[in-house]
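Report on the following structure.
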Amino acid sequence: MSFYTSNGEYLARTAGGPTKERIATGSNFVRTRENNAEFGGAAKVGKAFRTALSSVIQTMGGSTLTATLTRLFKSINAKASGIRGQRPIALSGNKTQAKGLELNEKISFTSVFNAPYTVTSDTDRVEITFTIPSFIPINFINAPAGATGFRIAAAVGWLSDYSFDDSTLNYEPDVPDQNSLGITAYSAIQPINNTGTTITLTATAPGGLVPDAGVSVIACLGIEFYQKVDTVDYLLAQGNAMRIVEVF
């Protein structure tokens, strides 16, 4: 039963629409089942990405990140060929689609940090290097009120392509032992009024991992802001931002 008010009266009615069993078995809901399977797969890949970047999600991620990632991976899935409801979700062949994605939809990384930088990978995609040449922070950083310091975060996640598994009737990673891994390198906390600084951060794949061709290496760059009270730097809740800057 569902309850509602109309013209000041409290009313009740039985719930309408098809039952869960009918959706699962009815011939009229084949397309619904196909869509549900692929959206479920996209959500699963998004969760794997969030796990890989779990060390930075709390401070950098926005409230709609889960939906944003599901939408990203569903769009990749929709481009693939194959049986509907079982089409693969292969980031490795669609890397440019993820580049530029903001972890927090309300704060663009480039709106708070616009100093030049480069992101490079070695041949095996084991070592990712982030280089920010010498810059004067106050000229390139739009800090929130009260911020006295900042630090740069370089987060890297390793994410496998996913395929539909007939035995589990779910989407599963093609390379499970190389999936959903992550590491984050941080600069030292530096004063906003620093007269000049150069930052180089290197993130190396854990455990001697050499990624397979079906594993994408997602490089993210972010910034956190701090306020110094006496001699202690406290992380601020506002202004922090991160984006995917490259996918190798």
Side-chain angles (χ1 to χ4, degrees), residues 17-18 20 23-24 29-111 153 155-184 211-222 240-248:
K20 181 178 180 180
I23 292 174
F29 295 93
V30 172
R31 182 56 55 84
T32 300
R33 292 194 293 272
E34 293 171 349
N35 289 336
N36 286 348
E38 291 184 342
F39 269 107
K44 191 171 185 178
V45 182
K47 182 178 179 180
F49 175 87
R50 298 196 311 275
T51 299
L53 267 66
S54 59
S55 63
V56 295
I57 291 294
Q58 185 173 0
T59 56
M60 306 289 193
S63 59
T64 65
L65 179 60
T66 296
T68 298
L69 291 173
T70 299
R71 185 165 55 249
L72 166 66
F73 293 117
K74 182 63 184 77
S75 69
I76 291 173
N77 160 259
K79 293 171 58 180
S81 59
I83 301 172
R84 288 187 64 92
Q86 301 182 17
R87 292 176 293 184
I89 305 173
L91 177 59
S92 65
N94 299 273
K95 295 176 180 177
T96 57
Q97 280 193 245
K99 186 175 177 179
L101 184 143
E102 301 284 351
L103 269 62
N104 188 335
E105 78 288 350
K106 295 181 178 179
I107 305 177
S108 167
F109 174 68
T110 54
S111 71
V156 177
W158 286 262
L159 191 66
S160 170
D161 291 344
Y162 275 65
S163 300
F164 187 82
D165 189 324
D166 290 325
S167 64
T168 65
L169 299 180
N170 285 303
Y171 278 85
E172 307 291 351
D174 295 351
V175 192
D177 60 331
Q178 297 185 0
N179 184 53
S180 199
L181 303 175
I183 191 168
T184 303
D212 285 8
V215 175
S216 299
V217 183
I218 305 170
C220 305
L221 192 62
N240 308 311
M242 176 172 278
R243 78 185 309 186
I244 298 176
V245 294
E246 190 59 82
V247 183
F248 297 101

From Asn179, Val175, Asp177, residue fulfilling side chain to side chain contact (heavy atoms under 4.5 Å, CB included) relative to Val215:
Val175

Backbone N/O of [Y] and side chain of [X]: donor-acceptor pair under 3.5 Å:
X      : Y      : value
Asn77  : Arg87  : yes
Ser92  : Gly214 : no
Asp165 : Tyr171 : no
Ser160 : Asp174 : yes

Note, Ile244 side chain near Phe49 side chain (heavy atom, < 4.5 Å):
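Yes. Closest side-chain heavy atoms under 4.5 Å.
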
I'd like to check Leu169 versus Phe164 (side-chain heavy atoms, cut-off strictly below 4.5 Å). Are they in contact?
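A side-chain contact under 4.5 Å exists here.
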
Within the 3.5 Å criterion, strictly below it, is a donor on Ser75 or Gln97 matched to an acceptor on the partner's side chain?
yes

Under the side-chain hydrogen bond (donor to acceptor under 3.5 Å, both in side chains) test, which residues partner Thr51, sequence neighbours left out?
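Result, side-chain hydrogen bond (donor to acceptor under 3.5 Å, both in side chains) vs Thr51: none returned.
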
Contacts of Tyr162 that satisfy ring-ring contact (aromatic ring centres under 6.0 Å, His included) - sequence neighbours left out
none

Nearest-0.5 Å distance that lies between atom OG1 in Thr68 and atom CG in Leu101:
6.5 Å

Could you check whether Arg84 pairs with Glu38 (Lys NZ or Arg NE/NH1/NH2 to Asp/Glu carboxylate O, under 4.0 Å)?
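Salt bridge absent between Arg84 and Glu38.
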
